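One structure is given here, and the rest of the page talks about it.
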Amino acid sequence: MTPADLLRVAGDSPSEYVTHHLQHWQVSIGEGAFWTLNVDSLLISLLVGVLAMGTFWLMGRRATAGVPSKFQAFIEIVVTFIDTQVKDVFHGNRRFVAPVALTIFVWVFLMNALKMIPVDFFPGVAAAAGQHYFRAVPTTDLNITAAMAVMVLLLMFGFAVKSKGAFGFGKELFTAPFHASSGPMKAVLALPNFGLNVIEYLSKPVSLAMRLFGNMYAGELVFLLIALLGMAGGNMLLEAGMGAKAGGALAFVGAVAAGAAWSIFHILVITLQAFIFMILTVVYLSMSSEAH
C-alpha cells in the first residue's frame, strides 16, 4: 500500500493523514481513559523485548571460548561497553545493575530503531489486515516511556531501602538536604526537606519519560512530513502536465532521498536516546544508594 493509498484510507487532507498515523490501536477494558490500552505499543514492545532477550540468551548458550563468530563478537562488545559504563558510574556491587542497564539499552534501542522502517509500512499492513490504526514505535507512546520511568523510580526506592534500611531512608527524607543539629531546627526543616526530596524523586522519572518520548515523537512527525512532501511533489508534477509514472517516480525519488538523509541522522538520535535513558538510570540508582 503506497502513501497515496493510505492518504485515501486516512482521509482527503494531509492533516487527516498525519492524524491517522498518530492514532493508536486502542481497546477499552473498562470505563475511562485509564482503562484504554494502546494494543499496538504493548504488542510491539513485548515482541521486541522477547526477541532481544531471547537473542542474548541464545548467544549465551552458544558462546564459545575459541574464535567467536562475528555476531558473538558484536554481542560481547555491547556487553563490555555497557559494563564499563556501569563500572564508571555505579561504584557498588553491579551484578544486578549491569544486567538492568544492558536490558534497558538494548530494549530502548530496538524500540527506537523501528522508526527506521518507512512510516507507511506498518499502517499499510494493518490496513490490509482490516485494522485502521497502528503505531509501531512504542517509545512514541508516553504510556510506555512513563511505565519504564516508573519502574526506574521503584528501583530507586528499592536501592535506597537496601543500602540505608527502611528507617534510614525514611529519616533521610526529613533530614536532608538541609541538616540541623538541634531538635527544634530539625522539626522546622523536616517539612521543607521532605518536599524537596519528593520533588527530586518525582522529577527524575518525569525527565526520563518526557525526554525519550519527546525526541521519538518529534522524529516521527518529521518522517510523516517527508512522506507528505513526496506526495505533494508528485501532485505538483502531475498538475504541471507530466505523466503519472514520471511524476510518481520523481516524487518517490525525492521522498526517498529526504527520508534517507533524515534516517542517517536519526540513527544517532535513537542510539543516543537509548544510551541516555540507560546511563541516567544507573546514575539515579547510584544516587539512591549514597547517603546525602
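Being a predicted model, the structure only gives us computed values, none of them experimental. Residue numbers count from 1 along this sequence.
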[X] (side chain) donor-acceptor with [Y] (main chain) under 3.5 angstrom:
X: Thr80; Y: Ile77; result: no
X: Asn197; Y: Ala176; result: yes
X: Trp107; Y: Met53; result: no
X: Asp40; Y: His24; result: no
X: Asn193; Y: Leu189; result: yes
X: Lys164; Y: Ser288; result: yes

Does [X] reach the side chain of [Y], with side-chain heavy atoms less than 4.5 Å apart?
X: Met210; Y: Leu142; value: yes
X: Val125; Y: Gln131; value: no
X: Tyr17; Y: Leu224; value: yes
X: Met116; Y: Ile267; value: yes
X: Val48; Y: Pro138; value: no
X: Phe81; Y: Phe275; value: yes
X: Ile44; Y: Val137; value: no
X: Val100; Y: Thr103; value: no

Atom of [X], atom of [Y] and distance for their closest heavy-atom approach:
X: Val67; Y: Thr64; result: O-OG1, 3.9 Å
X: Phe122; Y: Ala136; result: CD1-CB, 3.2 Å
X: Met185; Y: Ala180; result: CB-CB, 3.6 Å
X: Ala52; Y: Val106; result: CB-CG1, 3.8 Å
X: Pro205; Y: Ala149; result: O-CB, 3.1 Å
X: Ala126; Y: Phe134; result: CB-CB, 3.6 Å

Exercise. Parallel, tilted or perpendicular: which fits the ring planes of His20 and His132, with parallel below 30° and perpendicular above 60°?
Worked result: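 Rings of His20 and His132: perpendicular, over 60°.
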Exercise. Under 3.5 Å, is there a donor-acceptor pair linking the side chains of Asp120 and His21?
Worked result: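 Their side chains do contain a donor-acceptor pair, which is all the 3.5 Å distance test asks for.
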Exercise. Does Phe178 CZ have over 12 foreign heavy atoms under 6.0 Å away?
Worked result: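 At most 12 heavy atoms, drawn from other residues, nucleotides or ligands, come within 6.0 Å of this atom.
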From [X] [atom1] over to [Y] [atom2], what is the distance, rounded to the nearest 0.5 angstrom?
X: Ile117; Y: Phe223; atom1: CD1; atom2: CZ; value: 11.0 Å
X: Ile75; Y: Thr55; atom1: CD1; atom2: OG1; value: 7.0 Å
X: Ser207; Y: Leu202; atom1: OG; atom2: CG; value: 11.0 Å
X: Leu285; Y: Phe96; atom1: CG; atom2: CZ; value: 8.0 Å
X: Trp25; Y: Leu43; atom1: CH2; atom2: CG; value: 6.5 Å
X: Leu208; Y: Ser203; atom1: CG; atom2: OG; value: 9.5 Å

Problem set entry | Partner residues of Phe213 under the ring pair (Phe, Tyr, Trp, His ring centres under 6.0 Å) criterion, sequence neighbours left out |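 Residues passing ring pair (Phe, Tyr, Trp, His ring centres under 6.0 Å) with Phe213: Tyr217.
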For this session: In sequence, state the C-alpha distance, the side-chain angles, and the governing distance for Thr145 and Met216, and then conclude on side-chain contact (heavy atoms from CB on, under 4.5 Å).
Result: CA-CA 10 Å; Thr145 59; Met216 293 300 102; over 6 Å; no
Exercise. Do Tyr284 and Phe159 have ring centroids that are under 6.0 Å from one another?
Worked result: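 Phe159 vs Tyr284: aromatic centres not under 6.0 Å.
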Do [X] and [Y] sit in one hydrophobic cluster, given that two such residues count as connected whenever their side-chain heavy atoms are within less than 4.5 Å of each other, even indirectly?
X: Phe74; Y: Ile82; result: yes
X: Val283; Y: Leu155; result: yes
X: Val86; Y: Leu272; result: yes
X: Phe56; Y: Leu51; result: no
X: Val161; Y: Val198; result: yes

For this session: Determine, step by step, whether Met278 and Leu102 satisfy the side-chain contact (heavy atoms from CB on, under 4.5 Å) criterion, reporting the C-alpha distance in whole Å, the side-chain angles of both residues, the deciding distance to 0.1 Å, and the verdict.
Result: CA-CA 8 Å; Met278 178 273 295; Leu102 177 64; over 6 Å; no
For this session: Evaluate the criterion side-chain contact (heavy atoms from CB on, under 4.5 Å) for residue pair Met148 and Val152; output intermediate values, then yes/no.
Result: CA-CA 6 Å; Met148 296 175 64; Val152 173; 5.8 Å; no
Problem set entry | Derivation of the side-chain contact (heavy atoms from CB on, under 4.5 Å) call for Val282 and Gln85 | CA-CA 9 Å; Val282 177; Gln85 299 301 316; over 6 Å; no
For this session: Just grab all the salt bridge (Lys or Arg N to Asp or Glu O under 4.0 Å) pairs involving residues 127-149, residues at least two apart or on different chains.
Result: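 For residues 127-149, and leaving out neighbouring residues, the salt bridge (Lys or Arg N to Asp or Glu O under 4.0 Å) pairs sorted by first residue read Arg135-Glu220.
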